[in-house]
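Hydrogens, waters and symmetry mates play no part in the numbers below; they use all other heavy atoms, side chains included. Each chain gets a letter, A, B and so on, in the order its sequence line appears, and its residues count up from 1.
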Number of protein chains: 2
Amino acid sequence: MKQLTIIKIGGNVIDNSENLHQFLLDFTALPGDKILVHGGGKIATELGESLGIEAKMVEGRRITDIETLRIVTMVYAGLINKNMVAQLQAKGSNAIGLTGADGNIIKAKKRPVKEIDYGLVGDLDENSVSATTLDSLLTAGLVPVLCAITHDGDTQLLNTNADTIASSVAVAMSSLYETRLVYCFEKKGVLKDVNDDGSVVKEIKADEFEGLKADGTVQGGMIPKLHNAFEAIKKGVSAVYIGKADELAELAAETFGTKMLK
Amino acid sequence: MKQLTIIKIGGNVIDNSENLHQFLLDFTALPGDKILVHGGGKIATELGESLGIEAKMVEGRRITDIETLRIVTMVYAGLINKNMVAQLQAKGSNAIGLTGADGNIIKAKKRPVKEIDYGLVGDLDENSVSATTLDSLLTAGLVPVLCAITHDGDTQLLNTNADTIASSVAVAMSSLYETRLVYCFEKKGVLKDVNDDGSVVKEIKADEFEGLKADGTVQGGMIPKLHNAFEAIKKGVSAVYIGKADELAELAAETFGTKMLK
């Protein structure tokens, strides 16, 4: 079975041009088929401020109204995505930048209004990702670079969580590829001691997760991250890695960050 | 030989949502392989004004400085391109929105500085367009939607004339397809009498062009348009049409606007 690596990066890589340059070099050097998924970063917030459009918050959650969607479409799908593609091309990756609307690669459903109306936000389900279209791009030698915008198939673009896009793409592609999913974040991985970067837990098996929660090794914001990782593994992804973008080169030796597996 | 139609639209279609909706319906209904090329429109100018960035003009020509490039990348590649893709998807076209950087489809050269420094503007030559990559997208059942942004292969995005993109793509694709090129503009075609929309010249052969210039049928801004059309035909394009977007449906019967041929 062909191998595929899906890598998700966020603002801590995108907002720093040196970090981004080094990351894109390491990404290009990584062998095999690859898909890059990126979130937003400070640029969208800054553009909104320049245009006098305030971030709308309800009960501490960000709301995507029409104006916000216009901004994230311009910044994520235009400015960030296309500059990243141009940089990858210069480094030797045949990148192609896409939203979920392109090739109908990711069709989302607008989040239903319950206690909070999140606005133009897309949720994904097991039928959202078109593995066939992504496969035909990979087969043509292209490297898809996906931003955090999808569509509903009925003309509406939707703002969509990049972590969710990465895991949904990884799960869908695992029908055609042996798939690994890599989340780059601000820490070196799951740390035994949060104040000691050297205390990375190198590997967590699914049946060890509950124990690590119980003894406090995995806590706070790491719990949902790891929960989602093991859900992806349950649905067919071979391994999920979580670690720091500037150590991506270690992925080739499988020593990158914390590896989660079955 | 497979047939391919390349259609270019500009601001007069993009800036009016009803015109755009009808055009995209007609575009979707058109049989065979297709590529859509779009320019900008008023939105980029309006965003620039909202951000307090004035259009830079030198001797009446617009200059693409870094700020302007940021804006057109956001508006052309993000806002306009992705909304158009989402609309085409809803209408049944499997659209994929691209800049020239994506898949290295169009590699341009920054325009050399002579009397005027146009800034970050890309010029195309006979090696700019990757027909192979466009062909693999078409073969995968996709409908490329190209905006007026290219790259130089060395990380720099470049603002590029959409008419030139359309003709360069048409010429490059004519090695693989029987290619026709369609320019939508504000008139119904070449008019014998500029005040009479009913006076469309239905067909112009290459050897008739000089005569029509001499007798004044083709004049002013139409001269370079037709010159470029016949250049594309000389380089392998089967036919070039020029006409009004709202009559696109007539293309199937080859009665659309003015047809130029060998």
A:Leu137 versus chain B, heavy atoms under 4.5 Å apart: side chain, backbone, both or neither? side chain
Is the number of heavy atoms from other residues, nucleotides or ligands within 6.0 Å of NZ (A:Lys56) greater than 12? yes
Give the C-alpha distance, both sets of side-chain angles, the deciding distance and a yes or no for side-chain contact (heavy atoms from CB on, under 4.5 Å) between B:Val145 and A:Asp102. CA-CA 9 Å; B:Val145 178; A:Asp102 298 296; over 6 Å; no
A:Glu18 atom CD, neighbour heavy-atom count above 12 within 6.0 Å: no
Out of B:Cys147, B:Gly52, B:Gly103, which one racks up the most heavy-atom pairs below 4.5 Å with chain A? B:Gly103
Look at atom NZ of B:Lys110 and say whether more than 12 heavy atoms of other residues, nucleotides or ligands are closer to it than 6.0 Å. yes
In terms of heavy-atom contacts, does CD of B:Glu54 have more than 12 from other residues, nucleotides or ligands at under 6.0 Å? no
Heavy-atom contact with chain B under 4.5 Å, split by part of A:Ile43: side chain
I need the contact set between residues 65-97 of chain A and chain B: heavy-atom distance under 4.5 Å, sorted by residue number. A:Arg70, A:Thr73, A:Met74, A:Val75, A:Ala77, A:Gly78, A:Leu79, A:Lys82, A:Asn83, A:Val85, A:Ala86, A:Gln87, A:Gln89, A:Ala90, A:Asn94, A:Ala95, A:Ile96, A:Gly97
What part of A:Ser136 gets closer than 4.5 Å to chain B, counting heavy atoms only: side chain, backbone, both or neither? side chain
NZ of A:Lys2: more than 12 outside heavy atoms within 6.0 angstrom? yes
Greatest number of heavy atom pairs closer than 4.5 Å to chain B - which of A:Thr132, A:Leu47, A:Leu51: A:Leu51
